[in-house]
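Please read the structure below before turning to the comments.
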2 protein chains.
Amino acid sequence: MCYSFGQKVFITTSIGPTLADTPRSSPSTLLDVARRAGVSPSTVSRILNGTAKVSDDKRRAVLTAIDDMKFAPNQMAQGLKKGRSMTIGIVVQDISSPFFDETLRGVDDGLKGTGYASVIVSGHWNAEEEADRIRLLLARKVDGIILLSGRIDDDTVLSFAGQRPIVSTGRAIKTRTALGFKMDNEYGAYLAVRHLIELGHRHIAFISGPTNNTDAADRLAGYTRALREAGIAIDARLIVEGNFHEASGMLAMNRLFDTGQPFTAVFAANDLSAYGARLALYRKGVRVPDDISLVGFDDLPGSAYTTPPLTTIRQPLYDIGRIATHALLRVINGEEARGEVPPLELIVRETTRRLR
Amino acid sequence: MCYSFGQKVFITTSIGPTLADTPRSSPSTLLDVARRAGVSPSTVSRILNGTAKVSDDKRRAVLTAIDDMKFAPNQMAQGLKKGRSMTIGIVVQDISSPFFDETLRGVDDGLKGTGYASVIVSGHWNAEEEADRIRLLLARKVDGIILLSGRIDDDTVLSFAGQRPIVSTGRAIKTRTALGFKMDNEYGAYLAVRHLIELGHRHIAFISGPTNNTDAADRLAGYTRALREAGIAIDARLIVEGNFHEASGMLAMNRLFDTGQPFTAVFAANDLSAYGARLALYRKGVRVPDDISLVGFDDLPGSAYTTPPLTTIRQPLYDIGRIATHALLRVINGEEARGEVPPLELIVRETTRRLR
DNA sequence: CTGTTAGCGCTTTCAT
DNA sequence: ATGAAAGCGCTAACAG
């Protein structure tokens with residue numbers, strides 16, 4: 001039964017057969033097709049793979065047989081035989097974060113038309129779990145792995161790369177089968193803070209990311225460099241730690257106010273924490289950008305629709321996904337992997353303003 | 001090479017070996033393990049699967065061999081033999097939408113510890129493409145399919161269900177191998193509009209979803225029912241069509257103003273279009289909720305952090321994912337699939353206010 | 001151009 | 001309790 005009662009929805013189904021014990025309309029095999037078309041299995045295979053010339057009449061016979069029987073080659077059998085599963089593994093840290101979404105979209109587009117499918121697993125920001133998931137992918141015989149914001153160390157990546165090619169973001173490695181590339185986070189943060197300084201701000205707070213995260217550390221470095229270059233002293237009270245999530249941005253903002261230190265602008269280490277900071281500001285009745293300027297980092301899709309739209313550092317998330325995919329595919333095929341990731345750039349929207 | 005130059009990042013790698021032509025540290029097979037442990041392959045298999053009793057000494061020998069050789073069974077071979085790939089297919093419509101994200105998170109959690117992995121494909125809101133993707137999944141021998149917001153018609157689903165069990169959202173089907181359940185969208189919309197009416201609003205605009213979408217149609221129905229019940233005449237000029245995306249919400253809002261019809265509240269058919277509408281309002285200098293009340297539908301994770309936080313109808317996206325997964329797993333195992341999806345509910349946040 | 005044969009790595013009767 | 005042997009569905013020599 002499946003009935004909707006008022007607002008509740010119940011679903012039930014009677015006891016059905018097991019996947020194992022019911023052949024269903026058991027899918028036809030290549031052998032079935034061969035028999036039906038009156039040819040040998042190899043001929044069918046050859047047509048399927050374009051491996052060799054086949055006479056037109058046989059080809060026609062096979063093609064119609066395939067059509068009639070709605071035959072589709074069993075990918076597991078193909079994979080077992082060819083040693084290629086035609087699937088690649090993607091390791092993300094959070095299956096439902098707009099950050100990874102954009103990259104995944106790039107991967108998806110990069111895979112389009114290649115015959116490859118992807119299985120996505122999450123490391124949940126945890127090195128142990130991440131390594132486990134990678135082992136799982138390897139057991140599944142994925143042909144390659146894309147590691148996004150990996151937590152495991154480079155040596156571990158390298159050892160996995162002994163089994164299958166890996167391309168990873170956020171690390172600078174390069175061997176025969178492992179390739180990594182990282183964005184210049186320090187530079188991005190520098191850009192953000194310099195923008196604020198150019199607008200006349202001198203008291204600029206920073207909501208950092210988790211200290212154990214290299215991207216976060218790089219962004220902090222960019223923040224301090226911009227300040228130093230402008231001859232502005234670093235005030236430790238204006239730097240509070242967040243964890244890249246909305247709630248932490250909100251908390252951080254409140255802590256900033258609690259210190260009593262004056263500031264006219266805040267740079268959040270990522271958009272998500274900027275959203276949280278924005279809410280804290282709203283709750284306090286502080287106007288953005290009139291009273292406080294705010295800049296984020298990432299340029300998530302939603303950042304163009306916040307109120308007001310967020311000034312931020314754009315990460316080419318989609319491109320990273322596409323480029324990583326292309327690179328991996330090339331390595332898998334023994335070609336030279338080469339790619340250029342667009343640089344980080346400042347997107348000035350409406351949360352920053354010149355200090356009068 | 002992998003070098004970072006200023007802000008640009010270049011990646012290159014020299015020509016490497018093909019996946020095919022390099023055995024790498026070719027993974028050990030079950031046979032290798034058997035030889036090393038001095039037993040037959042069957043014994044190893046039995047230990048791996050717990051299929052039969054094995055003497056303690058042999059078991060120990062095998063286990064250490066497995067450890068030494070870092071053996072992991074080839075899933076393709078296992079799958080081919082057992083007729084189970086331990087993979088399920090997930091069909092979404094947009095690989096990077098917060099809407100699907102939440103559901104995917106539910107699926108991911110539902111799969112945790114089951115040994116199943118998922119391959120996610122996107123139908124891109126297109127029935128043709130969706131059917132294609134499903135065929136691909138079937139060729140990959142997924143053990144079951146979860147179809148989220150499918151575009152294909154029920155008959156097509158049913159025919160696919162002949163090959164593998166399918167559970168789908170947004171449809172009321174129920175056969176031996178196909179199970180669908182849909183949320184009561186009409187009721188949800190009704191809830192939203194009634195809330196507005198209770199707050200004293202009489203002129204309530206509606207930014208609809210695409211007219212060819214059943215969820216959108218249901219929500220429109222709920223809107224009209226609430227109005228009718230309250231004795232408020234439906235004003236066609238207050239209903240404008242959107243397409244569920246931010247930009248369309250923004251456009252719709254502007255069109256609403258262009259009509260010149262007065263209104264004090266707007267109900268957007270989903271959160272994304274509410275975000276767009278919110279921006280249009282901001283641009284026009286219209287305050288929310290002081291001048292105009294706004295309510296959305298979905299309760300995306302971001303909706304708690306908009307400025308101000310969005311009043312909306314909560315869809316139990318995560319639960320839907322989990323429940324669908326459990327149901328599918330049960331069908332796969334020949335058990336009775338049964339589940340209850342939490343009802344839609346109104347979440348009152350800060351974008352609605354009582355009309356003075 | 002096409003068929004026959006031998007596996008890919010694993011599980012599973014069937015004997016013992 | 002354990003091994004031998006057959007085979008899942010496909011591809012790739014190897015003959016012809």
Side-chain angles (χ1 to χ4, degrees), chain A residues 19-21 23-24 26-62 65-66 69-86 115 138-141 143 163, chain B residues 18-21 23-24 26-62 65-66 69-86 115 138-143 163:
Chain A
L19 182 60
D21 63 36
R24 295 161 203 285
S26 57
S28 41
T29 72
L30 181 144
L31 187 61
D32 298 332
V33 173
R35 278 203 273 258
R36 164 101 133 196
V39 300
S40 80
S42 357
T43 302
V44 179
S45 173
R46 282 192 264 259
I47 291 174
L48 248 30
N49 300 289
T51 320
K53 283 214 147 31
V54 175
S55 72
D56 265 13
D57 48 336
K58 286 201 202 294
R59 150 166 280 115
R60 247 190 308 278
V62 168
I66 287 179
M69 315 180 71
K70 289 135 143 302
F71 166 77
N74 181 327
Q75 291 241 17
M76 287 196 297
Q78 272 189 171
L80 179 59
K81 180 69 204 182
K82 305 215 253 208
R84 283 196 170 218
S85 60
M86 293 308 283
L138 257 14
R140 281 180 177 274
K141 300 298 171 197
D143 294 339
Q163 313 211 24
Chain B
T18 300
L19 181 60
D21 64 36
R24 299 161 200 286
S26 56
S28 42
T29 71
L30 180 144
L31 186 62
D32 298 332
V33 173
R35 277 201 274 256
R36 164 100 133 198
V39 300
S40 78
S42 349
T43 301
V44 179
S45 172
R46 285 192 263 259
I47 291 175
L48 249 29
N49 301 288
T51 320
K53 282 210 148 33
V54 176
S55 71
D56 264 13
D57 49 334
K58 286 198 201 294
R59 149 166 281 114
R60 247 189 310 278
V62 169
I66 287 179
M69 316 180 71
K70 289 134 144 302
F71 166 77
N74 181 326
Q75 290 242 19
M76 287 197 297
Q78 271 189 170
L80 180 58
K81 184 67 207 184
K82 305 216 251 208
R84 283 196 169 217
S85 60
M86 294 307 283
L138 259 13
R140 280 180 178 274
K141 301 296 171 198
V142 294
D143 294 339
Q163 313 211 22

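Values below: every heavy atom of this structure, side chains too, minus hydrogens, waters and symmetry copies. What you are looking at is a predicted structure, and each value in this text was computed from that prediction instead of being measured.
To the nearest angstrom, P of D:dT2 lies 8 Å from CZ of B:Arg46. Residue B:Met86 contributes atom CE, which lies 17 Å from atom C1' of D:dC8 at whole-angstrom precision. In this structure, B:Leu31 places its CG atom 13 Å from P of D:dG3, rounding to the nearest Å. Note: CE (B:Met76) to P (C:dT11) measures 14 Å, nearest angstrom. Taking atom CD of residue A:Gln75 and atom P of nucleotide D:dT11, one finds them 10 Å apart after rounding to whole Å. One can place CZ of A:Arg140 at 18 Å from P of C:dG9, the figure rounded to the nearest angstrom. Remark: P of D:dG9 and CG of A:Leu48 are 15 Å apart, rounded to the nearest angstrom. Between A:Arg84 atom CZ and C:dG9 atom C1' there is a gap of 19 Å when expressed in whole angstrom units.
Looking at the side chain of A:Val39, the nearest of the listed nucleotides D:dT11, D:dG9, C:dG3 is C:dG3. In this structure, of C:dT2, D:dT2, D:dC10, it is D:dT2 that holds the atom nearest to the side chain of B:Val54.
At a cut-off of 3.5 angstrom, counting only N and O atoms as typed in the model, there is no donor on one side facing an acceptor on the other between the side-chain of A:Lys81 and the base of D:dG9. Residue B:Ser45 places no side-chain atom within donor-acceptor reach of the base of C:dT12, judged by atom type and a 3.5 Å distance cut-off alone. In this model, a side-chain donor or acceptor of B:Ser42 finds a partner on the base of D:dA4 within 3.5 Å.
Closest approach of B:Ile47 to B:Arg59, counting heavy atoms only: CD1-CA, 3.5 Å. When all heavy atoms are compared, the tightest approach of B:Leu48 to B:Leu30 is CD2-CD1, 4.0 Å.
For the side-chain contact (heavy atoms from CB on, under 4.5 Å) with A:Val44, the lone residue among A:Asn49, A:Val39, A:Thr29 that qualifies is A:Val39.
Separating the CZ atom in A:Arg35 from the CE atom in A:Met69 is a distance of 9.0 Å, to the nearest 0.5 Å. Atom NZ of A:Lys58 sits about 7.0 Å away from atom OG1 of A:Thr43, to the nearest 0.5 Å.
Here A:Thr29 does not reach the OP1 or OP2 of D:dG9: none of its side-chain N or O atoms lies under 4.0 Å away. For the pair A:Asn49 and D:dT11, the criterion of a side-chain N or O lying under 4.0 Å from OP1 or OP2 is met. Applying the 4.0 Å criterion to OP1 and OP2 of C:dG3, one finds that A:Thr43 has a side-chain N or O inside that range.
Across the interface with DNA chain D, nearest-nucleotide mapping of B:Leu80 and B:Asp57 shows B:Asp57 to be the residue nearer the 5′ end. Mapping B:Gln78 and A:Ala52 onto DNA chain C by nearest heavy atom places A:Ala52 closer to the 5' end of the strand.
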